[in-house]
Q: 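Once you've had a glance at the structure underneath, I'll fire off some questions.
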Amino acid sequence: QKEVEQNSGPLSVPEGAIASLNCTYSDRGSQSFFWYRQYSGKSPELIMFIYSNGDKEDGRFTAQLNKASQYVSLLIRDSQPSDSATYLCAVTVTGGGNKLTFGTGTQLKVEL
Amino acid sequence: GAVVSQHPSRVICKSGTSVKIECRSLDFQATTMFWYRQFPKQSLMLMATSNEGSKATYEQGVEKDKFLINHASLTLSTLTVTSAHPEDSSFYICSAREERSSQFFGPGTRLTVL
């Protein structure tokens, strides 16, 4: 079982819709959860991080964490074509030295 | 957010040569720097973790004698790919982390070994 799992996609949504990206993780010791956006040929860019159960909102982005079910999600409201990218979920674990373990990413396509 | 730079952004070299990649944190002191490698359509794979002034910690399967890491200061880490071969061609990305902060990634270095 992979440590961090994501559906590779592509996930296609129309412009203006809500995009929902999901991630599950296997290690119950996971402490911190991150969402990165990566455009083709570029390095990842941090979008959000979340540590506690519940929702965290930042502009059009909302991260949701459910430690009991071991999943974290990212919602993008009012999706724009510029949001088209691969979204990487990453987690750190206690005693892991702040190392990030990445999922394989979900490709999002926002269509006009 | 914090700014991390990498140099060079792209390098093409002949098989057997060594390539040095620099990673700098421009506006903060990075207690820890990480080196990743990413092959096409795959996720980032952590190669090693480096802390200033100490030896890097390599992930399982990463040859420390082939991928030399030096973390000479709180703002600079270097990765040297020694005796590079075509299978080393990849996208190498560093990240830097300030104390009690998230990781910020450099723009990456695309290495092509002919």
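Keep in mind that this is a model prediction, so the values were computed, not measured. Just so we're on the same page: letters track the sequence lines, and every chain starts at 1.
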Q: Would you confirm whether the ring centroid of Tyr25(A) sits within less than 6.0 angstrom of the ring centroid of Tyr71(A)?
A: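 No, the ring centres sit 6.0 Å or more apart.
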
Q: Is it the case that atom NZ in Lys42(A) sees more than 12 heavy atoms from other parts of the structure closer than 6.0 Å?
A: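 No, because the 6.0 Å sphere around NZ of Lys42(A) holds 12 heavy atoms or fewer from other groups.
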
Q: Enumerate, atom names and distances included, each donor-acceptor pair closer than 3.5 Å involving a side-chain atom of residues 4-11 of chain B, sequence neighbours excluded.
A:
| residue | atom | partner | partner atom | Å |
| --- | --- | --- | --- | --- |
| Gln6(B) | OE1 | Cys94(B) | N | 3.1 |
| Gln6(B) | OE1 | Gly108(B) | N | 2.9 |
| Gln6(B) | NE2 | Tyr92(B) | O | 3.1 |
| Gln6(B) | NE2 | Thr109(B) | OG1 | 3.1 |

Q: Which answer fits Leu88(A), side chain, backbone, both or neither, if we ask what part of it has an atom under 4.5 Å from a heavy atom of chain B?
A: side chain

Q: Counting heavy atoms not belonging to Lys66(B), are there more than 12 under 6.0 Å from its NZ?
A: yes

Q: In residues 105-112 of chain A, what donor-acceptor pairs under 3.5 Å come from side-chain atoms, sequence neighbours left out?
A:
| residue | atom | partner | partner atom | Å |
| --- | --- | --- | --- | --- |
| Thr106(A) | OG1 | Asn7(A) | O | 2.4 |

Q: Under 4.5 Å from any heavy atom of chain A, what part of Ile93(B) do you find: side chain, backbone, both or neither?
A: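 When you check distances to chain A, only side chain atoms of Ile93(B) fall under 4.5 Å.
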
Q: Determine, for Arg37(B) against Glu59(B), whether the closest basic-nitrogen to carboxylate-oxygen distance falls under 4.0 angstrom.
A: no

Q: Would you confirm whether the ring centroid of Phe105(B) sits within less than 6.0 angstrom of the ring centroid of Tyr36(B)?
A: yes

Q: Heavy-atom cut-off 4.5 Å, strictly under: side chain, backbone, both or neither for Phe49(A) against chain B?
A: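 Interface part for Phe49(A): side chain.
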
Q: Is any residue of residues 79-89 of chain B within less than 4.5 Å of chain A by heavy atoms, and which ones?
A: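 The stretch does not come within 4.5 Å of chain A.
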
Q: Could you name each residue pair satisfying disulfide bond (SG atoms under 2.5 Å apart) that touches residues 20-78 of chain A, not counting sequence neighbours?
A: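 Residue pairs with at least one partner in residues 20-78 of chain A: Cys23(A)-Cys89(A).
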
Q: Identify which part of Glu45(A) has an atom lying under 4.5 Å from any heavy atom of chain B, answering side chain, backbone, both or neither.
A: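 No part of Glu45(A) comes within 4.5 Å of chain B.
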
